[in-house]
Trainee: 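What follows is a single structure, and I will ask about it in a moment.
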Amino acid sequence: MVHRSSVPMHWRLYESRYNLVGNKCLVCGEFFYPSKIVCPNCRRRGILKRVVFSGKGKIYSYTIIRNAPRGFEKYAPYVVAIIELDEGPRVMGWIVDSKISDIKIGQRVSVVFRKIYEDGKEGLIHYGFKFRVIDENNQLRD
Ligand SMILES: [Zn+2]
């Protein structure tokens with residue numbers, strides 16, 4: 001049986017797919033992505049508050065995918081990076097619309113929302129976040 005995500009599930013996940021949403025502990029100040037139920041630093045004393053991240057950060061580490069997995073061949077070569085958000089958490093994402101020569105450790109990036117894949121010819125189009133290279137003034141590069 002083919003596994004497909006249902007439309008109601010898609011809508012339930014809408015917010016976290018279109019925003020980089022996590023939370024912050026108001027006691028110790030640490031940000032979390034994905035959201036934590038309990039602050040690992042403060043335990044029961046922690047007070048967690050939902051936050052939408054700026055989506056800006058820098059490349060912490062990256063890899064160039066030349067031999068893509070099935071279904072992703074047409075995108076190769078592409079870059080998958082670990083991004084350290086300005087607020088602190090690290091997230092994994094594709095780097096898109098950027099020259100591979102511009103991609104380096106410490107490079108500033110900004111989140112963009114893009115199609116991830118289509119679920120069959122008639123199926124759902126899945127969107128999610130990816131990242132683009134930006135300059136030191138947080139402007140997109142051509
Ligand atoms: Zn805390």
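Atoms within each ligand, like the ligands themselves, are counted from 1 in listed order. Only a predicted model underlies this, so the values are computations on that prediction, with no experimental measurement involved.
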Trainee: Is it the case that the side chain of Ser98 and the backbone of Val96 share a donor-acceptor pair, with hydrogens and angles ignored and the cut-off at 3.5 Å?
Mentor: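 Looks like yes, one N/O pair under 3.5 Å.
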Trainee: Any idea how Tyr75 and Phe72 line up, ring-wise: parallel (<30°), tilted (30 to 60°), or perpendicular (>60°)?
Mentor: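 Aromatic pair Tyr75/Phe72 classed tilted.
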Trainee: Is the shortest side-chain heavy-atom distance between Ile65 and Val79 below 4.5 Å?
Mentor: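 No, their side chains stay 4.5 Å or more apart.
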Trainee: Apply the test ring pair (Phe, Tyr, Trp, His ring centres under 6.0 Å) to residues Tyr78 and Trp94: give CA-CA distance (whole Å), side-chain angles for both, the deciding distance (0.1 Å), then the verdict.
Mentor: CA-CA 7 Å; Tyr78 58 90; Trp94 285 25; 4.4 Å; yes
Trainee: Identify which protein N/O/S atoms are less than 2.8 Å from the Zn ion (ligand 1).
Mentor: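 Near the Zn ion (ligand 1), below 2.8 Å, one finds Cys25 SG, Cys28 SG, Cys39 SG, Cys42 SG.
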Trainee: Keeping Gln107 on the side-chain end and Asp135 on the backbone end, is there a donor-acceptor pair under 3.5 Å?
Mentor: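 Side chain of Gln107 to backbone of Asp135, a donor-acceptor pair under 3.5 Å: no, none is there.
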Trainee: Any side-chain heavy atom of Val112 within less than 4.5 Å of one from Asp97?
Mentor: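 No, too far: nothing below the 4.5 Å cut-off.
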